[in-house]
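Structure record follows, encoded as structure tokens.
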Protein chains: 2
Amino acid sequence: MTADQTGVAAWESLLRVHAALVPILDREVQRATGLPLAWYDVLLELNSAPNRRLRMTDLADRVVLSRTRVSRIVDELVSHGLVARDDNPADRRSAYAVLTAEGRRRFRAAAPVYLAGIARHFSDQLTQVEANAVRSAMRKVLRAQRG
Amino acid sequence: MTADQTGVAAWESLLRVHAALVPILDREVQRATGLPLAWYDVLLELNSAPNRRLRMTDLADRVVLSRTRVSRIVDELVSHGLVARDDNPADRRSAYAVLTAEGRRRFRAAAPVYLAGIARHFSDQLTQVEANAVRSAMRKVLRAQRG
DNA sequence: AGCTTGTGTGTGCGCACGCACCTATGGTAG
DNA sequence: CTACCATAGGTGCGTGCGCACACACAAGCT
């Protein structure tokens with residue numbers, strides 16, 4: 001197998017893993033916690049942000065979703081009391097999404113379910129060396145993408 | 001970093017790579033060849049199938065798409081003359097999707113563009129050892145999934 | 001101040017996607 | 001042969017998603 005074929009095969013297997021696992025994880029999280037995966041992602045990023053708040057654009061950059069989609073998901077989270085929209089006094093164009101106490105609680109409840117799902121369907125199939133190899137390869141690809 | 005954190009980080013970086021590259025490859029293929037990525041995937045599987053034909057269900061199993069979606073994409077491909085629906089004389093419930101000569105021609109024209117995109121955005125960032133590591137890790141995950 | 005350009009968000013709209021359901025045929029038991 | 005369940009495939013419909021656009025504000029230049 002040539003180098004080119006190996007790279008293509010790696011990419012195609014990555015696509016298959018993504019297609020197989022994402023729906024499974026989504027269902028598992030939603031069944032166990034009531035949170036769609038996209039909501040969870042947003043809560044996760046907000047939870048790990050300074051003051052548990054992010055401007056919409058920054059949030060969209062961190063989450064694997066378009067800015068448009070983030071705007072709408074934040075709408076839904078606000079209507080469920082998990083997130084609040086907060087004005088930015090330094091720039092009246094921008095809005096902060098801030099995690100509420102309830103949002104934080106729901107996130108903390110959901111996190112173990114999500115992590116367990118990743119472990120069961122993904123990490124547990126790999127040695128730590130393999131997982132590290134995947135992570136470092138993905139980071140190299142991402143770094144090239146941004147540059 | 002614990003084993004668990006490494007696995008989760010690997011999964012999250014995989015999600016980011018997928019989210020970043022798929023739209024780029026889709027645009028590149030579509031701009032250069034007029035074929036949406038989903039069409040390309042279907043043509044690819046048909047092209048490498050025996051007699052360049054597959055039953056709808058088998059096609060859906062191979063492609064990273066639902067059976068529903070495949071049915072509709074085959075409709076579009078038929079209306080563009082790239083694929084034909086063929087009856088299966090042995091089982092009148094089932095239908096074959098068969099690559100036409102024109103479909104084969106279009107696929108062959110598109111393949112280099114797609115492969116070049118994968119190389120440029122993905123494979124070229126990795127050594128062959130790294131690409132092989134990713135491929136073998138993904139296969140292990142997939143194997144566990146099916147079993 | 002006025003004008004221009006750039007940035008941060010929200011929204012109308014159309015496409016992609018898959019679930020639930022339906023029909024048609026095949027296979028099997030009695 | 002009839003009854004029944006399983007399998008192949010297509011379709012109505014709702015949802016997720018992002019592009020293109022609109023709008024508000026910021027920042028810099030003359």
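Residue numbers start from 1 in every chain, and the chains themselves are labelled A, B, ... in the order their sequence lines are given, proteins ahead of strands. Here the structure is a predicted model, which is why all the values come from computation and not from measurement.
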Once base and sugar-phosphate atoms are separated, protein heavy atoms under 4.0 Å mark nucleotides 10-17 of chain D, 5' to 3', with B, S and - as BBB---SB
What pairs with [X] under side chain to side chain contact (heavy atoms under 4.5 Å, CB included), at least two apart in sequence or on another chain?
{"X": "Arg120(B)", "value": "Glu28(B)"}
{"X": "Gln128(B)", "value": "Ala3(A), Thr6(A), Asn132(B)"}
{"X": "Ser48(A)", "value": "Glu45(A)"}
{"X": "Val78(A)", "value": "Val74(A), Val83(A), Arg85(A)"}

Spacing between [X] atom [atom1] and [N] atom [atom2], to the nearest angstrom:
{"X": "Asp87(B)", "N": "dG9(D)", "atom1": "CG", "atom2": "C1'", "answer": "12 Å"}
{"X": "Leu59(A)", "N": "dG8(C)", "atom1": "CG", "atom2": "P", "answer": "14 Å"}
{"X": "Ile24(A)", "N": "dC19(C)", "atom1": "CD1", "atom2": "P", "answer": "12 Å"}
{"X": "Asp58(A)", "N": "dT7(C)", "atom1": "CG", "atom2": "P", "answer": "14 Å"}
{"X": "Tyr96(A)", "N": "dT9(C)", "atom1": "OH", "atom2": "C1'", "answer": "14 Å"}
{"X": "Asn88(A)", "N": "dA24(D)", "atom1": "CG", "atom2": "P", "answer": "19 Å"}
{"X": "Trp39(B)", "N": "dA16(C)", "atom1": "CH2", "atom2": "P", "answer": "9 Å"}
{"X": "Gln30(A)", "N": "dG18(C)", "atom1": "CD", "atom2": "C1'", "answer": "14 Å"}

Please round to 10 degrees the angle between the axis of the first five pairs and the axis of the last five pairs in the helix from dA1(C)-dT30(D) to dG30(C)-dC1(D).
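It comes to 10° between the two terminal axes.
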Enumerate, atom names and distances included, each donor-acceptor pair closer than 3.5 Å involving a side-chain atom of residues 30-44 of chain B, sequence neighbours excluded.
| unit_1 | atom_1 | unit_2 | atom_2 | d |
| --- | --- | --- | --- | --- |
| Thr33(B) | OG1 | Val29(B) | O | 2.7 |
| Thr33(B) | OG1 | Leu35(B) | N | 3.2 |
| Trp39(B) | NE1 | Glu76(B) | OE1 | 3.0 |

Restricting to pairs with a member in residues 50-59 of chain B, which pass salt bridge (Lys or Arg N to Asp or Glu O under 4.0 Å), not counting sequence neighbours?
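Checked against salt bridge (Lys or Arg N to Asp or Glu O under 4.0 Å) - neighbours excluded - the pairs reaching residues 50-59 of chain B are Arg53(B)-Asp86(B), Arg55(B)-Asp58(B).
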According to a 4.5 Å side-chain heavy-atom criterion applied to Ile, Leu, Val, Met, Phe, Trp and Tyr, with indirect links allowed, do Leu115(B) and Leu21(B) form part of one hydrophobic cluster?
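Yes, it is one cluster - the side chains of Leu115(B) and Leu21(B) are joined through contacts under 4.5 Å.
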Could you pull out all donor-acceptor pairs under 3.5 Å where a side-chain atom in residues 9-16 of chain B meets a protein atom, sequence neighbours excluded?
| unit_1 | atom_1 | unit_2 | atom_2 | d |
| --- | --- | --- | --- | --- |
| Trp11(B) | NE1 | Tyr114(A) | OH | 3.4 |
| Ser13(B) | OG | Ala9(B) | O | 3.1 |
| Ser13(B) | OG | Ala10(B) | O | 2.8 |
| Arg16(B) | NH1 | Arg62(A) | O | 2.5 |
| Arg16(B) | NH2 | Arg62(A) | O | 3.2 |

Closest non-hydrogen atom pair between Asp87(B) and Tyr96(B), with its separation:
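Reported closest heavy-atom pair: O-CD1, 4.1 Å.
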With a cut-off of 3.5 Å and sequence neighbours excluded, list every side-chain donor-acceptor pair involving residues 134-142 of chain A.
| unit_1 | atom_1 | unit_2 | atom_2 | d |
| --- | --- | --- | --- | --- |
| Lys140(A) | NZ | Glu130(B) | OE1 | 2.9 |
| Lys140(A) | NZ | Glu130(B) | OE2 | 3.0 |

Could you go through nucleotides 1-7 of chain D and list every protein N or O atom that sits under 3.5 Å from one of its N or O atoms, giving the distance for each pair?
| unit_1 | atom_1 | unit_2 | atom_2 | d |
| --- | --- | --- | --- | --- |
| dT7(D) | O2 | Arg93(B) | NH1 | 2.7 |

Suppose the criterion is ring pair (Phe, Tyr, Trp, His ring centres under 6.0 Å): which pairs have a residue in residues 12-36 of chain A, not counting sequence neighbours?
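Ring pair (Phe, Tyr, Trp, His ring centres under 6.0 Å) check on residues 12-36 of chain A returns His18(A)-His18(B).
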Residue mapping more 5' on DNA chain D - nearest nucleotide basis, Leu54(B) or Arg92(A)
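Whichever sits nearer the 5' end wins; that is Leu54(B).
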